[in-house]
Number of protein chains: 2
Amino acid sequence: MSRQMVRPGGRSARVQASVHTAVRELEAEVGRDALTVPLVAQRAGVTPSTIYRRWGDLTELLSDVAVERLRPDTAPKDHGALAPDLAAWAEQFLDEMASPGGRAYIRDALLGDPDGTNAGQCSAYAADQVDLILARAAARGGEIPEAEIPEVETVIDRVVAPLMYRILFRPAGLDAAYARGLVAGLLGQGDR
Amino acid sequence: MSRQMVRPGGRSARVQASVHTAVRELEAEVGRDALTVPLVAQRAGVTPSTIYRRWGDLTELLSDVAVERLRPDTAPKDHGALAPDLAAWAEQFLDEMASPGGRAYIRDALLGDPDGTNAGQCSAYAADQVDLILARAAARGGEIPEAEIPEVETVIDRVVAPLMYRILFRPAGLDAAYARGLVAGLLGQGDR
DNA sequence: GCCTAGAAGCAAGAGATTTGCTTTAAGGTG
DNA sequence: CACCTTAAAGCAAATCTCTTGCTTCTAGGC
């Protein structure tokens, strides 16, 4: 989210909203690399010093905006069982994150983030989605022995982390089959 | 390594070396945040435009230097068996990478790296170290059924990726026990 | 309806970045 | 070995970004 609590509805909130909007519009229009603080300020109808004072610099502003864009906007689809739920979610996660745009957002989020707040937020989004899927599986009852539903942390280690690691460090050769394989590996062997 | 092939021994090579050295010295002396291109240039005895032309901007230069610092300087220690070898390596990896300095280098490496070359290099370093450990295990022969020695890719997914993911996205609560647990989870269950 | 404090605006100064042109030197050629 | 070619470095001017002190505005509290 944004770096500071803002009185909602006040002038601060309006400025923040218009700056975020300006970033998104300009990102689309002139490309990420051409963004500068003065440019964003002009589009947002704000003086540059306002941005510098509130966000510090461009990378922190981008980090802020990136985290917003990485927030999932829908609950994971329900396929009626744990395995397909997880597999589908993993595939979609990979799809969104591994695109050039997705990678750029992840990097932005990580970058302008000295204290790790924004990165933590991204991770929390994923964890929430996974948690929802697992809770659904548990709620179905009969589906699976309760003991075989993995922990959230385990899903993060076995599915989310490998996906993210490869997206960031080795973008080559990532595909849906790999994502499905991770899920299969996790569910296929009675590991927790 | 560095962004372009340089005729070794030529003037380019000298400039590159002195710039890299200047970055490392100044990082230690004035702190990472106080680094600027002109400052580095002055220390390196070079004009700023040289740096701008060769590296583009400060983040790309830092990325370059960071990758060099992330290169392991020693082979993993030999403890006589696969499990302790991997566990010790994972612990050391975590130690180095999770330190404030280590995290900063990882982030620098990821940041100024539009095409992923530098990030790929980091990943390759880790893969090489793991590969060495696995090759050693295979060479020992009797130790373990050949079939139970995991693939490099599997070790990356199960050990390296979770460590890196948590270092980047959730630095809290990381410790040697967690690293050991990852290795134990991998080796403990006949997964590949 | 006034006060206060936290933000935003403004503008000047300092510093970073870009760029066209010149100079240097590494490596190849006759 | 002297000469040529070419990639890279130096230089300097112009531009743009960023910082900062001060002023002005406005939301929310009294």
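All values below were derived from every heavy atom in this structure, side-chain atoms included, with hydrogens, water molecules and symmetry-related copies excluded. Order of the sequence lines fixes the chain letters, A, B, ..., with proteins taken first and strands second; residue numbering starts at 1 for each chain. Predicted model, so just to flag it, every value in this text is computed and none were measured.
Among residues two or more places apart in sequence or in another chain, the salt bridge (charged side-chain N to carboxylate O under 4.0 Å, His left out) test is passed with D78(B) by R136(B), R140(B). Y165(B) pairs by the ring pair (Phe, Tyr, Trp, His ring centres under 6.0 Å) definition with F169(B), not counting sequence neighbours. Residues passing the side chain to side chain donor-acceptor pair (under 3.5 Å) test with E27(A), sequence neighbours excluded: R69(A), Y105(A). Residues passing the side chain to side chain contact (heavy atoms under 4.5 Å, CB included) test with D73(B), sequence neighbours excluded: none. Shown here are the side chain to side chain donor-acceptor pair (under 3.5 Å) partners of T59(B), two or more places apart in sequence or in another chain: D57(B).
The stretch residues 31-44 of chain A participates, sequence neighbours left out, in these salt bridge (charged side-chain N to carboxylate O under 4.0 Å, His left out) pairs: E25(A)-R43(A), E29(A)-R43(A), R32(A)-D108(A). Pairs engaging residues 63-91 of chain A under the ring pair (Phe, Tyr, Trp, His ring centres under 6.0 Å) rule: W89(A)-F93(A) [sequence neighbours left out]. The stretch residues 123-132 of chain A participates, sequence neighbours left out, in no salt bridge (charged side-chain N to carboxylate O under 4.0 Å, His left out) pair at all.
Near DNA chain D, defined here as any heavy-atom distance below 4.0 Å, the residues from residues 31-42 of chain A are T36(A), V37(A), P38(A), listed numerically.
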Between the protein and nucleotides 20-22 of chain C, which nitrogen or oxygen pairs are less than 3.5 angstrom apart?
unit_1, atom_1, unit_2, atom_2, d
dG20(C), O6, R53(B), NH2, 2.3

I'd like a table of donor-acceptor pairs (distance under 3.5 Å, sequence neighbours excluded) in which one partner is a side-chain atom from residues 176-185 of chain B, with atom names and distances.
unit_1, atom_1, unit_2, atom_2, d
Y178(B), OH, D157(A), OD1, 2.6
Y178(B), OH, D157(A), OD2, 3.3
Y178(B), OH, R166(B), NH1, 3.2
R180(B), NH1, E91(B), OE2, 3.0

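Considering only side-chain N and O atoms, Y52(A) lies under 4.0 angstrom from the phosphate OP1 or OP2 of dC18(D).
For the helix from dG1(C)-dC30(D) to dG30(C)-dC1(D), the rotation axes defined at the first and last 5 base pairs enclose an angle of 30°, given to the nearest 10°.
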